Amino acid sequence: MTAMFRFVHCADVHFDKPFRTTSRSARQQLANSARDTFSDLVDLCISEQVHALLVAGDLFDGERLALRTEEFMLAQLERLTNAGITVVACSGNEDPGAPGLRAATMAWPERFHWIGSHEPREVVIHGEDGAPLARVVGAGLTGAHDRENLVSAFPHPSGPEPAVAMLHATVTDALGAQEHDTVAGCRTDQLADKGYRYWALGHVHRRQQVLDRPAAHYPGSLLSHNFGECGAMGALLVELPASGMPQVSFKPLARVRWETLELDELQTVADPAELAGVIADAWAGLRAGLDARADQHWMLRVALRGECPATAALADEDAIQDLAQQLDAADDELLAVEIMHDELTRPVDLAEHIGQPHALGLALEILDEAATDNDLLANLAPESLAGCPTGQPDERHAYLRALLQDTDRLTAQALLRENHR
Amino acid sequence: MRLDSWDIRAFGALSDFTVEGLANHPLIVVQGDNESGKSTLMQFFVTMLYGFRPARGQSHPYAPWNGASAEGSAGLVLSNGSRASITRRLGSGPEGTLVSDEGEQALGNRPLPWTGPLSREMYSALHAVSLDELQKFGGDVWKQLEERLLAGSSFPFLNSAGEAREQLDEAAASIWQASNDSGTTHRRVAAELRLLHRQREQAAERSQRALELRTLISGQGWKMSQVTEQLHEMQSRLERSETLLPVLRTIEEIDELRARADERLPTDDFPDDPRRMLDRLDNRIEEHTKEVDRLENDIEHHEQHGQLTQDEKDILQVEDEVRTLVNDAAVHHQDKVHLNDLDRTRDANEALLAERASVVLSGKIDEGVRESLSRLNLNELQSRVKDFEEAKRSPELTGDLVNRAREAVSVAQHDLEELPPADDERMLQKRAESLQTLQSREAVLAVMKQELEGTAEPVSVELDKDKKLIGLGLLGLGLLLGFVIMGGGTTESGLLGTLAVMLTAGGIVVLRRKGNDAPGPDEARFKILTRECSKLRKELDLHEYEAVEPHLKDAHQILTVSAARPTLERRLVNARRREKEALDRQESAGKDLERARQSIAEYLSDAGLSEKRLENPGYDLVADIESMRNTLRDIARMQGERGAIAGRAEERESRANHLAELLDMVPQTQPMDSVPLWQDRLHQALMARRRSEDAERQLPKLRSRRTETEKKLTADRRDLETLTARLAAVDIKEQDAREGLKLLERARTWRTQAETLEASLHETWPDWSERGAEARLARSEGLDLDLPTEDKVDLRQQIDQLQQTLAGLAEEKGRLREEQNRLMDDAGLSDIDGAIEALHERQRHMLRQRDRLALASAVVGEAAQRWRERHQPEVLATASRHLHSITGGRYERITAEQRNGRWTLMAKSADDPYPRPLAHPLSHATRDQIHLALRMALAEEMEGDEAMPLLLDEVFVRWDSERLQQSLALMEQLSEQRQLVVFTSDPEVALMLSEQAGARLVHPPRPVPQTTTSTNQVTAGT
């Protein structure tokens, strides 16, 4: 009876990818936690006694990779190979494999297989008895904007052992694919035609299964780097039998999670102190519903929207910083708190003024018309749009239409005298 | 729409305030002092039109002072002439009811349907004009007003469009400006970004440098390995000369020593110390020889002392019998003594028995008597003796009862003899009665005497009846008691007699007192009684003054004793009867005693007892017989015991005799006397047998040890011979063992020296073996291990130089590593890029916010423009008409012009060909008029089909009479289109409007304190 092929599938580790936060201390803690997370990944592989670790591209972030990080990364990989675990990594758009680039200069450990070219390469995984257990076929990107479809070059599996394909690519019908540059673009039907039992994909940071038969998975990035990557991050533990479907289970590994807390029911919040309490309660409620690690740390963004009596008190940037620090200090597990309050307005009763023959009534009427009247919107648009510098008509129009959201409240806030709504 | 009536149930300070019949009056003046409730009334109107705000009773600013719910109603006349009434109340929630031509409908808190598009705020702004507003008509305020009036922001809750745009533009400009961006947030962020990008360039350079350093460090490492290789080679040469040569020489010396030893002694299989072994073998041979001799002696000794004699064998054959007799000898002796003791005791008992028999029996105690005594049942005898003893101890028998009966007869006879004769007793009875009578009558006499002497006190009439009853009662009771005493003759009769006398006397006294109350005492009766008493005294032989009481007492005592006569007589009869009975029982007891004695004699008839002892056979006889029986039993027991002991003694002696025969001994008179002799012989025989058994046990062991020792002796002699022969063989020439031993020891010394050298070599150079091999190899390769001193010095110099070079390279490598570490410690590209990305994100949000602000500003501008386009011409035209009318044609029209980007109001007077800005030198009054004209025009423009009432609150305060006169025209003009309600505290203004403009004058009631309510019905004005 052929043994089960057990492996861990991860991708988009992005060693030394920037963490998008203005807090220097948070960035440093995040960098440390990234190393700890990778160390946890290695521990997982060893404790689960897997045969291989497959890294589907973007192990590190190009030339940003610091020497010290490189030393750490190689030491961890060596820890894996010393434990008898085969590591196969293919190059991605952030760590392309062209000669002369960073990946080519590294002193990879033994039993580590770096696949850095378009030509698919096969790595045979052996079982405890030395007999071939599985075959891993992978191809790598050679440049940051490598758009060539590499799936077509993948050969059909050569032996009787279960075969796994590995590629850093954009499967164009995957969720969130548009959030990333398209590299090595391909479709799910192309994956299905190749005869592999499992496709280990990388590049799209949102964890998902893009194909049932054969199974094709994006494990998501190993850890988050900005608020666009909320939720639990980690790797997939895959058990691939000689025949039948693979068993895939997600293992959350990221030491730090990024979450956004959106609050838009603030009509009764009178001052920043009360707002701090409301945010703390809402955060506690949100966190209670999240399935997180026991030692989880967090990056929190609080997006405040809608009407709030405390808007005027929060107009000062120092007040916002005070509020963020207050929230941060109250929770040891928070690395940093970021508060977005641009879309917060003081309470205005728009319904009271809609249709009234005064300036505010007319302004609301105009905004209502502009939502559907492109000419009117174009006439209203400022001559120079700071946030849309390209000036392309379509882009400018879409930008203006997006701006209309909540402009009614902003306008009403400007027209209404203080203490009137 | 015109206001026709109102009924304020409770609203602020006002309550129960009703006004009717207003619809026909286009102008209504509400006149009252300050704080009289004019403003409250104005808010009431607004509330009736639009509902309560806020809609909670507790927080409403016009919550009634009297604590009730805010409530009121108003009647309206609409422009089409129809009527409507509205009722509103603010209880737990706002309620409202509207009654119109369309019927009754629940209004809730909604505005009236005829308010049209006008919101509450707009109505308050346009139709309620206050003094405060007019007072602000000057300077910049007017400019703002102009803009408000002309840009759709003429409402107090709105900022002007200009203000709003200015605020939005300012906020947008603070973020980003297209032309001059200095000072903006965007500029500051951009500066931060520029700084970060510079830092990024430096970080990139550091990163590049770190990579270069990695290459340099790697190169340094290569150089160091090269130098190290050279160094090692030179150090090897020097080391060879300094360390290989001595090793090689020592190894050669070791080899030489071992070679010599091998030559003399190729194989050394001798013991470690052969000399000592030779000595030890000699010693052991000597010891073994001595041991064999000692064992021979011991064997001989045991063989000689291990035999038994015939006597010993004989006695040992009867060992058990001897031992039994030895054990019985002591018992035998005791039995002999015991037999003697028994004989003596038997004799003593026989003597004792004979002695007792002489006392009890009539003759000697023969066997028949002994047998008879033995058969006796002592219990039976005891029972019969007991009967005899009890019969003997009977009281009747002793005569005690007879004596006591006789004594009782004697006492009874004596007591009867002590009583007086019967005649004396009758006389004494009669004397006692006379004494009793005498005593009673003398007591009555004493009382009567006191009364006769007048000492009795009067008694009230009311007590008469009771006293009579008491007196009769006492008298009756006393007499009755006296008769009882006299008839009974009890021992207590003395005291009772006295009591009877006292009761009788008391009754008499009471009756006498009663009688006293009746008319006149009975002296005759006193005398009769006196005589009777004297007579009685004589009869009784009593002196006149002698007391009666002692005699009466003595008589009663004697009578009391005499009363026991019947009792004593009965007692005497009984005593005599008991005496006779006692005599009978005494006779019967004697007979019982004799029968008991006879019974004992019969029972002991076979025992041969003496007659004397049978006369009084008591318990002592039983004791004597029992003692004799015990003695007889002891004698019999001792005889049995003696027989048994004698039998056992004879059996022992028989066995002793038999044993003597077996041992061929002459029989003894006392056979048991030989037992000690036999015992001694047996002891000697047993000791001999023990020695023999010991010898039998020891001899095999001794013989075995002798055999083993002889074997060892033989082996040692053989070893000695072998060793001596081998040592002799070492000495090839002489074949002398001693010389061979010396040669052996010498060869061993050489080998020891070789091992010592090798150990020393190992300690100095643990790798001496490799060094030796290396040295031999070097020598075989022709290398000269023995370098000259000059060459060594030269080599050392070269090594020092290489080491210095290596240290320099290491130092350089360390410096490079240090620089690399320093570079890696600084912020890396990733960290800086994170900050840059975060700032870019912030910048995007910021610019988006700027664009949103700019868009909002444009929307506000568009709204103002749109308002002007829609309403400005009509408002200005209407306002021009109003102004023309108000000013009597002095001003023709109002226009608006845009100057320097802002709208300005212009007014054209009749005598001016061009419109002029509404500014100095226009008077305040003119500007007030223009403002009112514009407000009216705006009101008309904004409201719906119904012209809403206009509320003017104290707007004429600052107006002089001329201006007031002018305002009349305004009032008239305005009131043609809508109802005007003027609120004023000035009575003159009110009077003027009333007289000259036909206004309906209303006076609000004086506000009442919170706890009181009153009804104010205002029915008419002038």
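We name chains A, B, ... by the order of the sequence lines, and we start the count at 1 in each one. Here the structure is a predicted model, which is why all the values come from computation and not from measurement.
Residue B:Arg206 does not touch chain A at all, counting heavy-atom pairs closer than 4.5 Å. When heavy atoms are compared at a cutoff of 4.5 Å, A:Phe15 does not approach chain B at all. B:Ala203 does not touch chain A: none of its heavy atoms, backbone or side chain, sits under 4.5 Å away. Within the 4.5 angstrom heavy-atom criterion, atoms from both the backbone and the side chain of B:Glu862 approach chain A. In this structure, chain B has no heavy atom under 4.5 Å from any part of A:His225. For chain B, the nearby part of A:Glu352 is the side chain; its heavy atoms alone come within less than 4.5 Å. Using a 4.5 Å cut-off between heavy atoms, B:Ile836 does not touch chain A at all. Contact of B:Arg852 with chain A is made through backbone and side chain together, with heavy-atom distances under 4.5 Å. Neither the backbone nor the side chain of B:Leu823 comes within less than 4.5 Å of any heavy atom in chain A. At a 4.5 Å heavy-atom cutoff, A:Ala412 makes no contact with chain B through either its backbone or its side chain. The part of A:Thr21 that comes within reach of chain B is its backbone (N, CA, C, O), which places non-hydrogen atoms under 4.5 angstrom from that chain. Of the atoms belonging to A:Arg102, it is side-chain heavy atoms, and not backbone ones, that fall under 4.5 Å from chain B. In this structure, the portions of B:Leu855 lying under 4.5 Å from any heavy atom of chain A include both its backbone and its side chain.
With respect to chain B, the highest number of heavy-atom pairs below 4.5 Å among A:Glu343, A:Glu369, A:Gln413 belongs to A:Glu369. With chain A as partner, the option from B:His186, B:Glu192, B:Arg214 having the largest number of non-hydrogen pairs under 4.5 angstrom is B:Arg214. Per-residue heavy-atom pair counts under 4.5 Å with chain A were compared for B:Ala858, B:Ser830, B:Ala854, and the maximum is reached by B:Ser830. Comparing A:Asp408, A:Thr105, A:Thr407 by heavy-atom pairs within less than 4.5 Å of chain B, the highest count is held by A:Thr407. The choice from A:Ala363, A:Ala370, A:Ala381, A:Ser23 that makes the most heavy-atom pairs within less than 4.5 Å of chain B is A:Ala363. Most heavy-atom pairs under 4.5 Å with chain B: of the set A:Leu404, A:Thr22, A:Leu385, this distinction falls to A:Leu385. Your options are A:Asn379, A:Ile366, A:Asp16, and the one with the most heavy-atom pairs under 4.5 Å with chain B is A:Ile366.
No donor-acceptor distance shorter than 3.5 angstrom exists from the side chain of B:Ser207 to the backbone of A:Ala66, with no hydrogens or angles considered. For the pair A:Asp58 (side chain) and A:Glu94 (backbone), a donor-acceptor distance under 3.5 Å is present. Put simply, the side chain of A:Ser224 never gets that close to the backbone of A:Cys230: no donor and acceptor are under 3.5 Å apart.
A salt bridge links A:Arg68 with B:Asp825: the closest approach of a Lys/Arg side-chain nitrogen to an acidic carboxylate oxygen falls below 4.0 angstrom.
Applying the 6.0 Å contact sphere to CD of A:Glu179 captures more than 12 heavy atoms from other residues, nucleotides or ligands. Heavy atoms of other residues, nucleotides or ligands lying less than 6.0 angstrom from CD of B:Glu166 number 12 at most. Environment of CD in A:Glu383: sparse, with no more than 12 heavy atoms of neighbouring residues, nucleotides or ligands closer than 6.0 Å.
Using a 4.5 Å cut-off on side-chain heavy atoms (C-beta onward), A:Arg409 and A:Leu350 make contact.
We find the CD1-CZ distance between A:Ile339 and A:Arg301 to be 11.5 Å, quoted to the nearest 0.5 Å.
Closest of all the heavy-atom pairs between B:Gly221 and B:Lys813 is CA-NZ, 4.4 Å. Closest approach of B:Met948 and B:Tyr50 over heavy atoms only: CE-OH, 4.2 Å.
Of the candidates A:Leu376, A:Thr411, A:Leu362, A:Thr411 is the only one forming a side chain to side chain contact (heavy atoms under 4.5 Å, CB included) with B:Val859.
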